[in-house]
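What follows is a set of notes on a single structure, which appears directly below.
No experiment lies behind these values; they were computed from the predicted model shown.
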Amino acid sequence: MRPSTLRALQRAAELTRQNRFTEAVLIAEPVILTADRYESAEIRGWLIDHASEFAAETETR
């Protein structure tokens, strides 16, 4: 997976935890849609492996 794709997915996970889902989709969707079949498989695996990161809540101070 390209480093830029990984950064986008990580940022989307962070935004999702902050209940900023629309922004998360705006960041992740373009990289998901432009990925070739090999990178798509890597993205799918990353999403499965990191699903809990999208669902976790961030600590509020």
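Distance OG1/T5 to CD/Q10: 11.0 Å, rounded to 0.5 Å. A distance of 7.5 Å separates CD1 of I43 from CZ of R2, quoted to the nearest 0.5 Å. With rounding to the nearest 0.5 angstrom, the CH2 atom of W46 is 12.5 Å from the CD atom of E39. Distance check, rounded to the nearest 0.5 Å: CG of L47 to CD of E42 gives 12.0 Å.
Contact of the L9 side chain with the H50 side chain is not registered, since no non-hydrogen atoms from C-beta on lie closer than 4.5 Å.
The other members of the hydrophobic cluster of V25, by chain and number, are F21 (side-chain heavy atoms under 4.5 Å, ILVMFWY only). In the hydrophobic clustering, I48 connects to no other residue, as no ILVMFWY side-chain heavy atoms lie under 4.5 Å from its own.
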Review point. Does the pair E14 and R17 meet the rule for a salt bridge (charged side-chain N to carboxylate O under 4.0 Å, His left out), with working shown?
Key: CA-CA 5 Å; E14 181 181 327; R17 289 191 302 272; 5.0 Å; no
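When all heavy atoms of A8 and I27 are compared, the closest pair comes out as O-CG2, 3.6 Å. The minimum heavy-atom distance between A24 and A12, with the atom names listed, is CB-O, 3.4 Å.
No path of Ile, Leu, Val, Met, Phe, Trp and Tyr side chains, each step under 4.5 Å between heavy atoms, connects I32 with L26, placing them in separate hydrophobic clusters.
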